[in-house]
Amino acid sequence: MKKIIIAIDGFSSCGKSTMAKDLAKEIGYIYIDTGAMYRAVTLYCLRHGWFRTDGTVMEEELHRHLDDIRISFRLDPESHRPLTCLNGETVEDDIRSLEVSSHVSPVAAVGFVREMLVRQQQAMGAEKGIVMDGRDIGTAVFPQAELKIFVTASADIRARRRYDELTGKGQEVSYDDILHNVEERDRIDQTRAVSPLRKADDALLLDNSHLTIAEQKAWLKEQYNKVVNAESGN
Ligand code: DC
C-alpha cells in the first residue's frame with residue numbers, strides 16, 4: 001500500500017500526540033512528536049541557565065552551541081513508544097515538566113532553532129510512512145502532506161487534561177497555573193513571527209472538546225482510510 005505523510009497540527013494539550021501515536025502504531029508508521037524536539041532544546045537552555053529573569057532566551061548563547069544539541073528518539077522496549085533523548089540521555093519525563101512548558105514558547109519562536117528542527121523533521125519524513133504532530137507540520141514542514149489534520153479544543157478542557165496527566169504522574173501542580181500556561185502558549189504560538197500556528201487551508205478541522213479518545217481515534221482512522229483508498233484509486 002502506498003505510504004503517505006500525515007501531518008497533525010493544533011493547539012497545545014489537545015490530545016494530538018495520543019491520537020497520532022495510536023494511529024502510527026496501528027498502521028505501522030513512524031511517529032514523531034515535534035513538540036518534544038522544541039522541549040528538548042528548551043531543557044538544554046534551562047540546564048545551561050540561558051533564560052533571563054523576564055523569560056526571554058539568550059539567543060547568542062543558543063546560536064553558538066546549536067551544534068552541541070543532538071535530539072533523537074528511541075523506542076521504549078516495554079510500551080514501544082518513542083522516548084526523547086538529548087545528547088543520548090533519555091529526557092522524556094524532564095521535557096514534560098511545567099518548567100519546560102513555561103519556557104518553550106520563546107525557544108520555539110527563534111528562527112534558527114526552527115530552521116534546524118524543520119530540516120531534521122523533513123529528513124525523517126523523506127521516506128513517507130510517517131505521522132508527525134506539531135504546530136507547523138501541514139504549513140511549513142510538509143505542505144505537500146497527503147493528510148492534514150488541525151486539532152482544537154477549549155482552553156479549559158485542555159488545561160484539565162494536562163492537569164490530570166501531571167497529577168497522575170505524581171507532580172504537584174495547580175490547575176490555575178496550567179490554564180494560564182495553556183492560554184499564554186496559545187497566544188505566543190499564534191502571534192509569533194516565524195511559522196505561527198494556523199490551520200493549513202487544506203487541513204481537516206477536528207474539535208475534540210467533547211470526543212472520547214476512542215471516538216477521535218476512529219475518526220482519524222477513517223480519514224486515513226479515505227486518503228489511502230483515494231491514492232490507490234479505489
Ligand atoms: O506540543 P507541545 O506542547 O509539546 O509543544 C511544545 C511547544 O513547542 C509549544 O509551545 C509550541 C512549540 N512547537 C512549535 O512551535 N512547533 C512545532 N512543530 C511543535 C511544537
Side-chain angles (χ1 to χ4, degrees), residues 5-21 31-46 51 55-57 62 69 71 73 81-84 86 91-125 130-143 145 148-153 155 157-163 165-166 169 173 177-200 203 208:
I5 293 179
I6 303 171
I8 303 189
D9 287 311
F11 290 92
S12 68
S13 307
C14 61
K16 292 186 302 294
S17 43
T18 306
M19 64 193 272
K21 252 183 246 178
Y31 163 68
I32 301 291
D33 170 3
T34 61
M37 300 172 78
Y38 290 94
R39 285 171 179 271
V41 175
T42 306
L43 181 65
Y44 191 90
C45 295
L46 278 167
F51 284 98
T56 54
V57 63
L62 180 52
I69 307 176
I71 299 161
F73 294 96
R81 301 287 195 199
L83 301 175
T84 313
L86 173 60
V91 291
E92 190 57 34
D93 286 340
D94 306 62
I95 61 166
R96 309 287 165 195
S97 68
L98 192 52
E99 197 191 12
V100 169
S101 299
S102 347
H103 287 85
V104 64
S105 287
V107 174
V110 176
F112 60 80
V113 171
R114 300 203 72 84
E115 275 167 30
M116 172 180 85
L117 296 185
V118 167
R119 247 194 329 270
Q120 291 178 11
Q121 291 152 11
Q122 288 171 335
M124 290 168 178
I130 195 161
V131 184
M132 194 171 273
D133 85 49
R135 302 291 189 286
D136 59 342
I137 313 305
T139 50
V141 183
F142 295 121
K148 297 182 190 178
I149 314 285
F150 190 87
V151 196
T152 184
I157 286 180
R158 289 183 284 132
R160 173 65 51 196
R161 289 177 185 158
R162 179 71 39 131
Y163 176 83
E165 184 190 332
L166 293 176
K169 284 183 191 161
V173 284
D177 286 351
I178 292 183
L179 178 62
H180 175 72
N181 175 251
V182 164
E183 290 174 337
E184 191 53 17
R185 280 203 290 154
D186 286 358
R187 190 186 62 75
I188 302 179
D189 290 349
Q190 288 175 290
T191 56
R192 70 175 172 226
V194 202
S195 301
L197 170 64
R198 69 167 183 86
K199 177 184 164 302
N208 69 10

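For reference, positions follow the sequence shown, starting with 1. Atoms within a ligand are numbered from 1 in the order they appear, just like the ligands themselves.
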[atom]: which protein heavy atom is closest, and how many Å away?
atom                    : result
atom 8 (O) of ligand 1  : Tyr38 CB, 3.6 Å
atom 12 (C) of ligand 1 : Ala108 CB, 3.7 Å
atom 4 (O) of ligand 1  : Arg39 NE, 2.7 Å
atom 20 (C) of ligand 1 : Gly35 CA, 3.5 Å
atom 13 (N) of ligand 1 : Arg135 CG, 3.6 Å
atom 19 (C) of ligand 1 : Thr34 OG1, 3.3 Å

By number and element, which atoms of ligand 1 are closer than 4.0 Å to a non-hydrogen atom of [X]?
X      : result
Gly134 : 17 (C), 18 (N), 19 (C)
Ser105 : 10 (O)
Asp136 : 16 (N), 17 (C), 18 (N)

Donor-acceptor pair, side chain of [X] and main chain of [Y], under 3.5 angstrom:
X      : Y      : value
Arg114 : Ala108 : yes
Asp9   : Gly138 : yes
Thr84  : Phe73  : no
Arg158 : Ala153 : yes

Check your understanding: Does Arg114 have a non-hydrogen atom less than 4.0 Å from ligand 1?
Key ->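 A heavy atom of Arg114 does come that close to ligand 1.
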Exercise for review: Decide whether the shortest distance between a heavy atom of Arg192 and an atom of ligand 1 is less than 4.0 Å.
Suggested key: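 Flag set, Arg192 near ligand 1.
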Check your understanding: Just heavy atoms, cut-off under 4.0 Å: does Asp189 contact ligand 1 by side chain, backbone, both, or neither?
Key ->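 Side chain only.
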Exercise for review: Output yes when Glu183 and Arg187 qualify as a salt bridge under the 4.0 Å nitrogen-oxygen rule, no when they do not.
Suggested key: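 Not counted as a salt bridge, because no side-chain N and carboxylate O are separated by less than 4.0 Å.
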Exercise for review: Salt-bridge test for Glu92 and Arg96: reply yes if a basic N is under 4.0 Å from a carboxylate O, no otherwise.
Suggested key: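 Yes, Glu92 and Arg96 are salt-bridged.
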Point to revise | Flag side-chain contact, heavy atom, 4.5 Å: Phe51 against Val107 | key: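 Of all side-chain heavy-atom pairs linking Val107 with Phe51, at least one is under 4.5 Å.
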Review point. Do the side chains of Ser12 and Asp186 get nearer than 4.5 Å, heavy atoms only?
Key: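 Yes; the side chains approach each other to less than 4.5 Å.
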Exercise for review: Examine Arg185 against ligand 1 and note whether any of their N/O atoms are separated by less than 3.5 Å.
Suggested key: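 Yes, since at least one N or O of Arg185 sits under 3.5 Å from an N or O of ligand 1.
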**Study point:** ligand 1 to Asp133 polar contact by distance, N or O atoms, under 3.5 Å
**Key:**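 N/O-N/O distance under 3.5 Å: no.
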